[in-house]
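Data block below; observations after.
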Amino acid sequence: MKLKFINCVTPVSRLEWIEENLGLPFELFCKHDELTGFITSGNKIRKLEYLMKDALEKKVDTVFTCGGIQSNHCRATAMAARSLGMQPVLFLRGRPMEIPQGNVLLDTMVGSDIHYVTKEEYSKIDEIFATKKEEYEKKGSKVYLIPEGGSNALGARGYVDAVKELSGQINLDGVEAIFTAVGSAGTYAGLVAGLKSLGYNTRVIGINVTKDPSSLFVEKTKQLIEGLKEYGIAVSLEGSEIEIVDDFSGPAYAVPSEEDMDLIKKLAKERAFFLDPVYTAKAFRGMLEISRGRFAGKRVLFIHTGGLFKLFDNPAAYVK
Ligand SMILES: *Cc1c(COP(=O)(O)O)cnc(C)c1O
């Protein structure tokens with residue numbers, strides 16, 4: 001089935017290896033509240049429960065994945081891989097920082113091999129994966145490839161499951177629309193398929209946070225939903241049920257608009273509610289604007305997909 005990375009009840013464990021390592025004269029226990037989903041936070045964990053299970057079954061020792069420099073997906077994958085004793089290998093679009101910050105700090109701390117690639121190189125990432133895979137395998141590694149965002153059909157199953165979980169927490173028939181950020185569409189596709197397969201008609205509105213046109217993500221959503229059939233999740237869609245909106249993508253991928261920044265600062269200041277500048281701020285703002293017009297008097301639901309480590313790569317932007 002899948003691995004369990006998401007803990008509802010955080011565990012207590014004895015840190016025997018620290019006791020031994022540090023020669024402690026007492027027994028050391030730890031209540032793992034870091035595992036509420038914060039450290040390995042966000043939506044990618046749901047996908048990785050399936051993907052890393054597959055990696056374990058294939059008996060690999062090395063996991064490749066790729067993304068933008070501050071990719072949450074790469075960070076979550078690096079942590080998941082290392083937690084299973086595997087070597088994470090990340091292909092990050094961008095240039096190395098003098099001192100790693102934000103997600104890259106965490107990528108580095110778990111000992112990821114980081115390969116920095118240019119935008120041009122990234123557009124041919126499959127070729128780079130193939131070449132590097134050969135290199136690693138020559139040195140005796142066994143490599144598992146995870147696509148950008150963990151967004152293949154197997155990863156999307158994580159969000160089919162998330163809908164099941166959600167259906168026990170809120171009456172989904174009473175929810176007019178569910179909103180999520182769209183970066184590689186796995187989350188979106190899983191939500192749509194999950195709702196449909198359980199017989200809900202709740203619409204899912206995706207807010208595209210990239211400069212690729214939404215038509216691309218509509219196509220990808222269809223492919224992912226088609227791919228879910230392999231796992232016994234068969235739903236038929238009319239195209240009109242896929243609604244992905246381009247209007248809130250801001251100046252560029254990972255670059256927030258002034259409105260996004262204002263929203264981040266305002267919600268943090270007023271209610272200690274945090275959004276990130278790459279995904280959730282754009283999605284939240286889109287949700288607010290769209291719902292004001294279309295869903296007055298109705299109930300809408302926002303999927304907070306995480307991403308907060310990005311705040312720490314440029315602190316100056318938030319204290320101005
Ligand atoms: C990756 C990511 C998303 C987008 O999810 P996709 O499945 O890639 O579309 C949304 N929010 C955060 C914080 C993310 O890291």
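Both ligands and their constituent atoms are indexed starting at 1 by order of listing.
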**Aromatic centroids of Phe91 and Phe129 separated by under 6.0 Å** =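 Between Phe91 and Phe129, which both carry aromatic rings, the centre distance is below 6.0 Å.
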Does the Lys NZ or Arg CZ of [X] fall within the cation-pi geometry relative to [Y] - under 6.0 Å from the ring centre and within 45° of the axis?
| X | Y | result |
| --- | --- | --- |
| Lys44 | Tyr279 | yes |
| Lys53 | Tyr50 | no |
| Arg93 | Tyr122 | yes |

**Request:** Specify side chain, backbone, both or neither for Val278, according to which of its non-hydrogen atoms lie closer than 4.0 Å to ligand 1.
**Result:**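 Neither; no heavy atom under 4.0 Å.
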**Ala185 and ligand 1 - part of the residue with a heavy-atom distance under 4.0 Å** =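 Contact part for Ala185 vs ligand 1: backbone (N, CA, C, O).
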**Prompt:** Hey, are the side chains of Ile207 and Val182 touching, using non-hydrogen atoms and a 4.5 Å cut-off?
**Reply:**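 No, every pair of side-chain atoms sits at 4.5 Å or beyond.
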**Prompt:** Heavy atoms, side chains only, cut-off 4.5 Å: are Pro147 and Thr65 in contact?
**Reply:**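 Of all side-chain heavy-atom pairs linking Thr65 with Pro147, none is under 4.5 Å.
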Look at ligand 1 and say whether [X] reaches it with a heavy atom at a distance under 4.0 Å.
| X | value |
| --- | --- |
| Lys47 | yes |
| Lys44 | yes |
| Ser151 | yes |

Which of the numbered atoms in ligand 1 are under 4.0 angstrom from any heavy atom belonging to [X]?
| X | result |
| --- | --- |
| Thr305 | 10 (C), 11 (N), 12 (C), 13 (C) |
| Asn72 | 13 (C), 14 (C), 15 (O) |
| Val182 | 9 (O) |
| Gly307 | 13 (C) |
| Ser184 | 6 (P), 7 (O), 8 (O), 9 (O) |

Indicate yes or no: does an N/O atom of [X] lie under 3.5 Å from an N/O atom of ligand 1?
| X | answer |
| --- | --- |
| Tyr188 | no |
| Gly306 | no |
| Gly183 | yes |
| His73 | no |

**Request:** Output yes when Arg203 and Glu241 qualify as a salt bridge under the 4.0 Å nitrogen-oxygen rule, no when they do not.
**Result:**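 Looking at Arg203 and Glu241, the cut-off is not met.
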**Prompt:** How close does the nearest protein non-hydrogen atom get to atom 5 (O) of ligand 1, and which residue and atom is it?
**Reply:**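 Going atom by atom, the protein heavy atom closest to atom 5 (O) of ligand 1 ends up being Asn43 ND2, 3.0 Å.
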**Prompt:** Under 3.5 Å, is there a donor-acceptor pair linking the side chains of Asp107 and Ser112?
**Reply:**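 Absent: no donor and acceptor within the cut-off.
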**Prompt:** Can you name the nearest heavy-atom pair linking Met287 to Val300, along with the distance?
**Reply:**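 Reported closest heavy-atom pair: SD-CG2, 4.1 Å.
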**Asked** Under 6.0 Å from the CZ atom of Arg299, do we count more than 12 heavy atoms belonging to anything else shown?
**Response**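 Check fails, neighbour count at 12 or below.
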